[in-house]
Amino acid sequence: MPLTPGRAFSLVVLGLLANPASPSAAEPPRAPAVITVSTARSALRLLAGDDGRLYQLDYGRIRERPPAPRTPSREDEFHPQYGHGYVLEPALQAVHADGNTSTDLEYVSHRTARVDDDVSLTTVSLRDRHYPFGVTLHLKAYAAEDVLEQWIEVVHEEDGDVLLARYASSAPVLRAESYYLTQLQGNYMREAELVEERLTPGVKVLDSKLGVRAHQMRNPSFILALDRAAEEEAGEVYAGTLAWAGSFQFAFDLDWNNRLRAVCGANPLGAQYRLGRGEVFRAPSMIWTYSARGKGEASRNLHRWARRYGVREGGRPRPVLLNNWEATHTDFDEDRIVALFDGARELGVDLFLLDDGWFGDKHPRDDDRTGLGDWQVNPRKLPRGLGHLAAEAAKRGLGFGIWIEPEMVNPRSELYEKHPDWVIAQPHRELLFGRNQLVLDLTRPAVKEHVLGVIDDVLGANPDVAYAKWDANRYVTQPGSFHLPPEEQQNLLVDYQWALYDTMEHMAERYPKVMAMACAGGSGRVDYGTLRYFHSFWPSDNTDPLQRVFIQWGFGHVFPAAATSAHVTDMGRKPLKFAIDVALSGAFGIDRDLSRWTPEERATVRAAVTLYHERLRDVVHQGDLYRLQSPYERPQAALGYVSPDRSRAVVFVYRLGEAAFPPVKPRGLDPARRYRVREVNLPPGRQSRLGLHEQVVDGATLMEEGFPAPLRRSLESAVVEIVAEP
Ligand code: GLA
């Protein structure tokens, strides 16, 4: 349950603030307290120094014999604060009620609570030496997954508001000779492009300033490799991802001692937060993993964590969707939609997802200029309503889902006519639009109520709706609220996110059977804060399978295949088998008019969906990902998934251009077991060109020698199943 500022109290911190006497004043000097937060293969060690400050000793591999702690230098402070001697990139900057721009936190206490066999939560209480201002660090360790989640809470009892000018969630120090940072950057239609660079002295900032749909140009995730460019299976690597749908800021500060501090959190730009007395400010969670065996293991750690904790119902099978967006856009009526259902079941489709365009009465949603905000069914397009469509889908054995964009409004809508002051905008400024729309101000209670009502009207009133795609198609360019008082204008972008998460939580809790996809004009909102409420995300409106190889490759560094929607479409006019094979490596779906496929094409799709349902989905979604050949190195991509018990694996190979290619070497198999190798998803009547087709080989040989990709030319692909012999 997310905390909203002012809605919850941290009694621990308030209790602590009520007693301003420093424990060190009354007690004899204490032995340095080392706080260790560990997972199966990593540890973060902190030290409460003699001077009362909290330091970081190390974060990374577990050391057999850690060096004896001594009070480190100020540059090793664990959550450094601006204004009292710390001169590098701070994690926290506060302006106190009396105007003092410095903060000086001392360690007060810590405790570790075991949540269950896997998870423990360590909280460390810090308090300003002078002001009744406290920070609680939360460090949640997921042992089996080697994941560390960190966030902070801030609360004060000062005589007036405190301005939080910076409020990072996590800011560990890393130590190596050199540092290689990989970001996932891009824009609409070319998301999650990997760019790696060696960090040089100074501060490198990766951020988003967009507020909403905030990840359009950069995902809030990175890979950080020590001493050499990131490799798949070797080297020390950290991966980090911020569970926050809003603007973020990662500042990598490489100092004169070659220490790197990674300051990670929500972006305070335009959002310096005014915190009232007794209110709790909660910063979003930063998720870390450490791997001593390359970025492959870092990704697998995150995926395992995601399936268990980070993504909604990570173990629930994802249905095969048929979406109508690319087939019809907003141009449809009841007959056209019902006609699209026909033959879907025969192809193995589980659910039809009706996209944008079904709503708006006075201002029908016939294109993207009108209707957003008016969530009544368009009576001319769909005279018998959504219930009728759901019933027609059910007759054909299909579930039925619906597209919504509940946070947004077109000026040409009944909602905007009634409530022009419900939008995010600045007074005295010309209104700026994005896709002809405006963002609703969720910090206004009536707006939040309205959005909850939209969810209830669409899902509650139509119990047959089994799926929702939640979209958000613009970002914030004028961050102002007509609701918040002048002094709280800057709280808008933070409070918006928590209110947004509340609405998503409402959907997930009130309608637990309704599965959901997060979309934001492609992947403008892909983060582990959002994915708690969603089963999958939409990586890109670019569904050209050649581009999708790269886009899915990028996202796969942080997000699991089960959450990565991948649909077969016509975009790019690539060979059908290639498009299918690319989609089979994610959460499979289709977006096109099925009747336009020839009977042979339909047979090809049907066979692939059967294969997916029966043999591939489990291993792709629940297995461990091994990236075998990077499309960034040669024009061929190969990736494999291995089931947790290593009895089954599947390897996908995509040829993207002409070159000489080394053999594809599967990884993650049991070297001692014998596996049958088989190329699957072959077009009817085509013989496999795979030399090992239907051969039984032991895991060690298979991994050592691999096999030449059974491909001859660009845009060919292969799916190779590897199954342990009984
Ligand atoms: C966004 C989404 C698309 C589609 C359209 C509908 O662009 O990314 O998948 O839903 O909106 O308007």
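The basis for the numbers below is simple: all heavy atoms, side chains too, and nothing from hydrogens, waters or symmetry mates. In listed order, ligands and their atoms are each counted from 1.
Applying the 6.0 Å contact sphere to CZ of R369 captures no more than 12 heavy atoms from other residues, nucleotides or ligands.
Checked against the 6.0 Å centroid criterion, the rings of Y533 and W470 do not qualify as a close aromatic pair.
Using a 4.0 Å cut-off between charged side-chain N and carboxylate O, K469 and D471 make no salt bridge. Using a 4.0 Å cut-off between charged side-chain N and carboxylate O, E196 and K295 make no salt bridge.
Taking the six-membered ring where the residue is Trp, W375 and W358 present tilted rings, their angle falling between 30° and 60°. Between F550 and Y632, the angle of the ring planes goes over 60°, which puts this pair in the perpendicular group of the 30/60° scheme. Using the six-membered ring where Trp is involved, W403 and F359 have ring planes that are parallel, under 30° apart on the 30 and 60° scheme.
Residue G522 has at least one nitrogen or oxygen atom sitting less than 3.5 Å from a nitrogen or oxygen atom of ligand 1, judged on distance alone. When only interatomic distances are considered, the shortest N/O to N/O separation between Y188 and ligand 1 does not fall below 3.5 Å. On a distance-only criterion, W325 and ligand 1 share no N/O pair closer than 3.5 Å. For D471, a nitrogen or oxygen atom sits less than 3.5 Å from a nitrogen or oxygen atom of ligand 1, counting backbone and side chain alike.
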(request) Apply side chain to side chain contact (heavy atoms under 4.5 Å, CB included) to T530 and F537, showing your working. (result) CA-CA 9 Å; T530 299; F537 67 90; over 6 Å; no
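Of all atoms in ligand 1, listed by their number and element, those nearer than 4.0 Å to a heavy atom of D356 are 6 (C), 12 (O). Taking every non-hydrogen atom of G521 and a distance limit under 4.0 Å, the qualifying atoms of ligand 1 come out as 1 (C), 7 (O), 8 (O). For ligand 1, the atoms sitting less than 4.0 Å from at least one non-hydrogen atom of C519 are 2 (C), 8 (O), numbered in the order shown with element in parentheses. Applying the 4.0 Å criterion to heavy atoms of K469 picks out, from ligand 1, the atoms 3 (C), 4 (C), 9 (O), 10 (O).
At the shortest separation from atom 4 (C) of ligand 1 among protein heavy atoms lies D355 OD1, 3.5 Å. Counting only heavy atoms of the protein, atom 8 (O) of ligand 1 lies nearest to D541 OD1, 2.5 Å.
Contacts of T330 with ligand 1, taken as heavy-atom pairs under 4.0 Å, are absent altogether. Counting heavy atoms closer than 4.0 Å to ligand 1, residue D368 contributes nothing at all. Contacts with ligand 1 closer than 4.0 Å are made by no heavy atom of H567, backbone or side chain.
Just one residue in the list W305, Y309, Y501, F534 forms a ring pair (Phe, Tyr, Trp, His ring centres under 6.0 Å) with Y528, and that residue is W305.
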